[in-house]
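Below you'll find the structure, written out as structure tokens, and then a few comments.
Hydrogens, waters and symmetry mates play no part in the numbers below; they use all other heavy atoms, side chains included. The chains referred to below are lettered A, B, ... by the order of the sequence lines, with proteins before strands, and numbering in each begins at 1.
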Protein chains: 2
Amino acid sequence: MSIESGAPAASAALRILSHLAAQSRPVPAATLASALSLPRSSVYKLLGVLVDAGFVLHFADIRRYGLGIAAFELGSGFGRQEPLSRLGHPVLALLVDRIVESAHLAVMHGRDVLYLIEERAPRKQALVSDVGVRLPAHLTASGIAMLAAMPAAQVRALFPDAAAFTRRGEETGPETYGRLRRILTETRTRGFAIEDQTITPGLASIAVAVIDHAGWPAAAIAVTFERESHDEPSRARLVEETQRHARELSRRIGGVSSPY
Amino acid sequence: MSIESGAPAASAALRILSHLAAQSRPVPAATLASALSLPRSSVYKLLGVLVDAGFVLHFADIRRYGLGIAAFELGSGFGRQEPLSRLGHPVLALLVDRIVESAHLAVMHGRDVLYLIEERAPRKQALVSDVGVRLPAHLTASGIAMLAAMPAAQVRALFPDAAAFTRRGEETGPETYGRLRRILTETRTRGFAIEDQTITPGLASIAVAVIDHAGWPAAAIAVTFERESHDEPSRARLVEETQRHARELSRRIGGVSSPY
DNA sequence: CTCAACTGTCTCGCATACGAGACGGTTTCG
DNA sequence: CGAAACCGTCTCGTATGCGAGACAGTTGAG
């Protein structure tokens, strides 16, 4: 049946959950069977188990199945345990040790980025990316790095119209979807995102997405530095180290290695 | 093995996930085996499947297991599919039809309530509880109803100190944990929460928690009315209808019936 | 330093779950 | 209106997964 030994029913149930999590609305049982290449009777049996456990709701009136409250509770539990922070701290500490510049870890939160970790290098100034701070994703290197690693449809969904391109004081950033798309294409080509003085004068940031097992940008690691303090070879080293540590964190969360 | 027929490995895997979701930090495998009365070798096998699927992370350095990114994605997927809104809309529509007063559905979001649905009765004034609005839970009937249905430890965790009791303009509400606890005890005794002119002068609300399969307050249904328009028997009917519809929504999300 | 406790892996006999396919009911489409 | 498609349930022969318990390595306590 499935590739790994033992508990194929458990594996199939988890595949059903993951598939449901990726849908925008409940789906028919037959869709699950065909999408996941599972026998129909097995799908019905597993859906029964998932419904009993509260992970799935059966919308009998529309003959579809969607996620239940227990799925929400998994998300809450994830937030409570803060695995990205737990795994991210040592990785960022090592990165900052090596490059002697400040770094932070952020995740997407709607159209914003949310900063989970800031690791400040000795004698470097405090950053706006303090823990708990949210900033519009399209104005930050971390946000651009994660947006660049998402499917185009997801980016479009996040930025459906001009109103989505919020301004923040005098900051410059993309104000149309076309400009954003160009920046994302450049980011993918380059292999990392750049933010140059958009947030704080004199400072620049580079960021790389951290990819999870499903190929999704679970987080981004960014390094911030005074732009006058680094020549081109020095910047290249910052990039290389940031990419390497993003891959390491990706590996630790059970992800795939390359964001772009 | 387990009570329901078929797929006991799937059921056990889901129990492991739910147990992990309820912990505040990663746990050792042996704890899962004893807490869930599962054979040790089965727990290790299932953890292997859960790790492969990204639902669980193995923190080998501390020999513990915690939730992984796929758990977070289930929470996101739940939010996207909005099952509480889908199931809640018809229940609130029916309630408003019967009592001819406005009603809304809210969930907890940290220390706030978040309004998901507002069903306004004909010719009744608009409420502050518009969809998407957040208000401090301790100042609202819906929030009080849900807090009353939580374990005391959870309430304490949400309100650790005086700073947690945010003020909102001239509104009156509990400003100490002792006062909050007394209000919650009264709410449990009474069977519903009352908010009388705290939010809007002349208006009162009653609310009842909607309980999920795990006994947790997944949401609350509240009814808002002009306090001068209802005598005591009329209010009793509002209470009874609100309780009945809260139980119905609880049933539809696969919950248990009684909040207090 | 030693021993007990714990962690994680592995084996294999046996009991149980899987899934092809039938069935009855419901919904949809021409 | 009738037929096709779909949904959800059920059976049962067969293949497979489960789990008790052994084992080796690691960690912690005295």
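- Listed by chain and residue number, B/R244 satisfy the side chain to side chain contact (heavy atoms under 4.5 Å, CB included) test with B/E240 (two or more places apart in sequence, or in another chain).
- Atom pair B/L46:CG and C/dG8:P shows a separation of 15 Å (rounding to whole Å applied).
- Atom CG in A/L36 sits about 16 Å away from atom P in C/dC18, given to the nearest Å.
- For A/D61 and C/dT26, the CG to P distance is 16 Å, given to the nearest whole Å.
- Residue pairs meeting the salt bridge (Lys or Arg N to Asp or Glu O under 4.0 Å) criterion with at least one partner in residues 87-100 of chain A, sequence neighbours excluded, are A/R98-A/E241.
- For B/F159, the ring pair (Phe, Tyr, Trp, His ring centres under 6.0 Å) partners two or more places apart in sequence, or in a different chain, are B/H138, B/F165.
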Where protein sits on nucleotides 7-14 of chain D, one letter per nucleotide: B base, S sugar-phosphate only, - none, heavy atoms under 4.0 Å
SBBB----

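- Partners of A/F59 under the ring pair (Phe, Tyr, Trp, His ring centres under 6.0 Å) rule, at least two apart in sequence or in another chain, do not exist in this structure.
- The salt bridge (Lys or Arg N to Asp or Glu O under 4.0 Å) pairs that include a residue from residues 146-155 of chain A number zero, where partners must be two or more places apart or lie in different chains.
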